[in-house]
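A short worksheet on the structure shown next.
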Amino acid sequence: MTLISPPKSLDQLTGQEIEKKAAIGKIVTYTIGNLTSTYVKEGFQWLLPVVLSQSTDPLWPDPNASIETRIEVDIYGKPVRTMSSMIVHKLIAASTVYPKLFILAPNIRIEKSDRGKTGKHIYEFTQLDFEIQNATSQNVFTTVENALYLLIEGLKKDMKETLAAINRLDALPTLELPFKIFDRADLEAKYGETWEDDITSEITQPVWITNLPREFYDFEDFTTGKWDNYDLLMPKFGEVLSGSKREYDYHKIIKKMEQHGVRKENYSLIIQMAKEGRLKPSAGAGLGLERIIAYLTGVKHIAECQPFPRVPGIVHEL
Ligand code: ASN
């Protein structure tokens with residue numbers, strides 16, 4: 001893996017670097033505007049995020065997780081954690097009041113310092129996190145493919161000069177829909193352990209990867225052992241989104257939590273709702289905003305897309 005040096009803070013940028021940062025900033029503004037407007041037009045309700053909660057994503061077991069510190073503080077006599085993802089909130093919101101929802105959700109994941117040089121990890125990031133009641137994985141694929149197609153076509157039309165200034169006008173492909181789907185098990189058999197890097201370097205269009213063993217809330221077929229979940233990989237870049245059809249059956253949720261050693265006391269509400277049959281089937285995903293913008297702008301380190309870079313291992317004053 002090539003090691004990427006971390007981006008500078010705003011006060012250290014020179015003339016040309018300021019121009020580049022400003023161009024990236026315009027792509028950020030366009031991307032957020034375009035994606036949120038597509039989701040609103042598709043009938044999604046826009047929820048504002050929370051950042052402190054008793055329940056958050058355990059990020060476990062996920063073979064890609066590498067968390068150094070989990071932030072937990074007591075407020076009003078109760079322990080709360082900073083949000084690693086709003087997955088639990090999404091499932092409960094989608095089961096009750098908001099059947100089609102999205103959130104621009106800030107996530108804090110204090111990644112190990114050695115991830116500072118991958119160019120792909122930051123310790124605070126934002127997901128366009130969405131959930132659809134009674135949806136299938138296919139519904140999510142169509143939603144995401146349509147949104148990304150409109151985004152890239154919109155950028156090429158409306159942000160031509162900005163893209164040209166950062167040499168990205170010809171780099172962005174017109175997306176061919178639907179994206180191809182690969183099963184992780186087949187890729188592993190073909191490429192071995194390095195399957196993700198290998199397929200990322202081979203593709204010229206985005207691809208879906210399915211069947212990834214991970215957290216309790218992703219749907220697992222206990223008879224076949226297959227997972228109905230997915231990541232989206234962008235060509236020469238890698239993962240920008242992950243999601244799944246969800247687990248909503250009480251017995252399966254309990255079994256998986258126990259198997260994974262997840263602390264059930266932090267998930268009593270979702271467990272209770274599942275037990276009462278009030279947790280509805282749904283599917284959804286979270287698109288990493290800095291990651292998709294890093295793909296679009298071609299930056300070396302995704303923290304270059306942040307005004308205040310959050311590189312693992314480096315704490316600036318701002
Ligand atoms: N947002 C992801 C999802 O919807 C979960 C995550 O960020 N770990 O599945």
Side-chain angles (χ1 to χ4, degrees), residues 35-36 39 44-47 49-51 53 55-67 70-71 81-95 98-111 115 120-144 147-148 184 196 208-220 227-233 238-248 253 256-257 260 262 266-267 270 279-292 302 310:
L35 287 174
T36 52
Y39 274 77
F44 286 80
Q45 290 200 54
W46 190 345
L47 274 57
V50 293
V51 288
S53 189
S55 212
T56 191
D57 193 332
L59 295 179
W60 179 265
D62 177 347
N64 286 322
S66 137
I67 301 297
R70 292 179 187 266
I71 303 174
R81 291 154 192 95
T82 49
M83 210 50 56
S84 47
S85 98
M86 284 185 65
I87 183 70
V88 180
H89 299 74
K90 284 201 305 178
L91 299 194
I92 290 172
S95 295
Y98 311 97
K100 256 183 127 176
L101 69 93
F102 76 97
I103 313 161
L104 296 184
N107 290 178
I108 298 178
R109 299 183 186 174
I110 311 301
E111 305 269 1
R115 288 213 161 165
K120 299 281 159 55
H121 295 93
I122 41 184
Y123 64 85
E124 286 185 54
F125 68 99
T126 302
Q127 299 196 38
L128 192 167
D129 218 2
F130 66 96
E131 200 66 27
I132 315 168
Q133 197 190 96
N134 282 320
T136 60
S137 296
Q138 190 53 53
N139 298 138
V140 171
F141 292 173
T142 311
T143 301
V144 172
L148 291 183
R184 183 263 325 153
E196 192 165 341
W208 295 105
I209 311 292
T210 62
N211 188 21
L212 301 141
R214 55 190 180 203
E215 291 89 348
F216 73 84
Y217 49 79
D218 281 13
F219 189 92
E220 182 183 359
W227 292 70
D228 191 351
N229 61 2
Y230 33 84
D231 277 357
L232 180 67
L233 306 185
E239 191 213 313
V240 293
L241 167 149
S242 70
S244 74
K245 184 177 141 182
R246 308 303 180 184
E247 215 62 270
Y248 61 95
I253 291 176
K256 288 167 91 179
M257 283 182 170
H260 304 165
V262 166
N266 293 342
Y267 301 96
I270 196 169
L279 195 64
K280 305 261 171 71
S282 68
L287 174 69
L289 277 180
E290 292 86 349
R291 285 209 177 161
I292 190 67
I302 73 165
R310 264 36 194 163

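Every number for a ligand or one of its atoms is a count from 1 in the order of the listing. Position 1 is the first residue of the sequence; numbering continues from there.
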Fit a plane to each ring of Tyr230 and Phe141, take the angle between them on a 0 to 90° scale, and name the class: parallel (under 30°), tilted (30 to 60°) or perpendicular (over 60°).
->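 Judged by the thresholds at 30° and 60°, the geometry between Tyr230 and Phe141 is perpendicular.
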
Find all atoms of ligand 1 within a distance of less than 4.0 Å from any non-hydrogen atom belonging to [X], and give their numbers and elements.
X: Asp129; result: 1 (N), 4 (O)
X: Arg109; result: 6 (C), 7 (O), 8 (N)
X: Tyr217; result: 5 (C), 8 (N)
X: Ala285; result: 4 (O)
X: Arg246; result: 3 (C), 4 (O), 9 (O)
X: Ser242; result: 2 (C), 3 (C), 4 (O), 9 (O)

Heavy atoms only, cut-off 4.0 Å: how does [X] contact ligand 1, side chain, backbone, both, or neither?
X: Ser85; answer: side chain
X: Arg214; answer: neither
X: Glu215; answer: neither

Check whether any N or O atom of Ser244, backbone or side chain, sits under 3.5 Å from an N or O atom of ligand 1, and answer yes or no.
->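 Min N/O separation from ligand 1 is not below 3.5 Å for Ser244.
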
Does Lys90 reach ligand 1 with a nitrogen or oxygen that is under 3.5 Å from one of the ligand's nitrogen or oxygen atoms?
->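 Yes - when backbone and side-chain N and O of Lys90 are compared with those of ligand 1, one distance drops under 3.5 Å.
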
Hey, is [X] one of the residues with a heavy atom under 4.0 angstrom from ligand 1?
X: Met86; value: no
X: Phe130; value: no
X: Lys245; value: no
X: Met83; value: no

Test your reading of the model: is there a side-chain donor-acceptor pair from [X] to the backbone of [Y], 3.5 Å cut-off?
X: Arg291; Y: Glu239; result: yes
X: Arg310; Y: Ile122; result: no
X: Lys90; Y: Phe130; result: yes
X: Thr56; Y: Ser85; result: yes
X: Arg70; Y: Pro58; result: yes

Looking only at protein heavy atoms, which one is nearest to atom 7 (O) of ligand 1, and how far off is it?
->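 Checked against all protein heavy atoms, atom 7 (O) of ligand 1 sits closest to Gln127 NE2, 2.7 Å.
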
Tell me: protein heavy atom nearest atom 8 (N) of ligand 1, and distance?
->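 Going by distance alone, atom 8 (N) of ligand 1 is nearest to Asp57 OD2, 3.0 Å.
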
Working to the nearest 0.5 Å, report the span between CG of Leu101 and CH2 of Trp46.
->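 One gets 13.5 Å once the value is rounded to the nearest 0.5 Å.
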
Roughly how far apart are Leu241 CG and Leu128 CG, rounded to 0.5 Å?
->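 Output value for this atom pair is 9.5 Å.
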
N-O pairing of Arg246 and Glu131 below 4.0 Å |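 Yes, charged N to carboxylate O under 4.0 Å.
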
Hey, which of Asp228, Thr210, Thr142 is the one that makes side chain to side chain donor-acceptor pair (under 3.5 Å) with Ser137?
->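 Result for side chain to side chain donor-acceptor pair (under 3.5 Å) with Ser137: Asp228.
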
Count the heavy atoms of every other residue, nucleotide or ligand shown that sit under 6.0 Å from CZ of Phe219, and state whether that count exceeds 12.
->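 More than 12 heavy atoms, drawn from other residues, nucleotides or ligands, come within 6.0 Å of this atom.
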
